[in-house]
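Just below is one structure, and these are the notes that go with it.
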Amino acid sequence: MWLTFILHLFIGSTLAGSAVIAALVSGQDTFGAILVAAGAGFILALPVSWMVAKRLRGLS
């Protein structure tokens, strides 16, 4: 559980930042669009973090 949380901190900020950059590049520069992009990246990071933690636990 802790590994998933720690991974989510890093993966979530990376995906949220990438989504915000993608939104800005595509011309969606309103506050709402940026907020939705950041939230989507943060939410998408939950299953990604879980899968990465699962694989890391399987290696040890």
Side-chain angles (χ1 to χ4, degrees):
M1 183 69 178
W2 283 105
L3 180 60
T4 305
F5 176 71
I6 292 171
L7 286 171
H8 187 266
L9 290 174
F10 294 106
I11 295 172
S13 61
T14 301
L15 289 179
S18 298
V20 168
I21 296 296
L24 290 173
V25 167
S26 68
Q28 303 294 325
D29 58 352
T30 63
F31 179 72
I34 293 171
L35 196 60
V36 167
F42 186 78
I43 297 299
L44 181 63
L46 289 169
V48 173
S49 301
W50 179 76
M51 286 187 285
V52 170
K54 183 177 171 183
R55 293 234 176 158
L56 285 174
R57 275 187 245 125
L59 292 176
S60 58

Open item on the list: To the closest 0.5 Å, what do you measure between OG (Ser49) and CD1 (Ile6)?
Closed with: 11.0 Å

Open item on the list: Looking at every non-hydrogen atom in both residues, tell me the closest pair between Ala37 and Ala19 and how far apart they are.
Closed with: O-CB, 3.3 Å

Open item on the list: Assigning hydrophobic clusters by single linkage (Ile, Leu, Val, Met, Phe, Trp, Tyr; side-chain heavy-atom cutoff under 4.5 Å), is Leu15 placed with Leu7?
Closed with: yes

Open item on the list: Do Ile11 and Leu56 land in one hydrophobic cluster if side-chain heavy atoms of ILVMFWY residues count as linked below 4.5 Å?
Closed with: yes

TODO: Would you kindly confirm whether Leu9 and Trp50 end up in one hydrophobic cluster when ILVMFWY residues are joined by side chain heavy atoms under 4.5 Å apart?
DONE: no

TODO: Can you see which heavy atom on Ala53 is nearest to which on Thr4, and at what distance?
DONE: CB-OG1, 3.4 Å

TODO: Write down the atom of Arg57, the atom of Met1, and the distance for their closest heavy-atom approach.
DONE: NH2-N, 4.4 Å

Task: Considering all heavy atoms, the nearest Ala38-Ala16 contact - done: O-CB, 3.5 Å

Open item on the list: In this structure, would Val52 and Leu44 fall into the same cluster of hydrophobic residues linked by side-chain contacts under 4.5 Å?
Closed with: yes

Task: Heavy-atom check, side chain of His8 versus side chain of Leu46, under 4.5 Å - done: yes

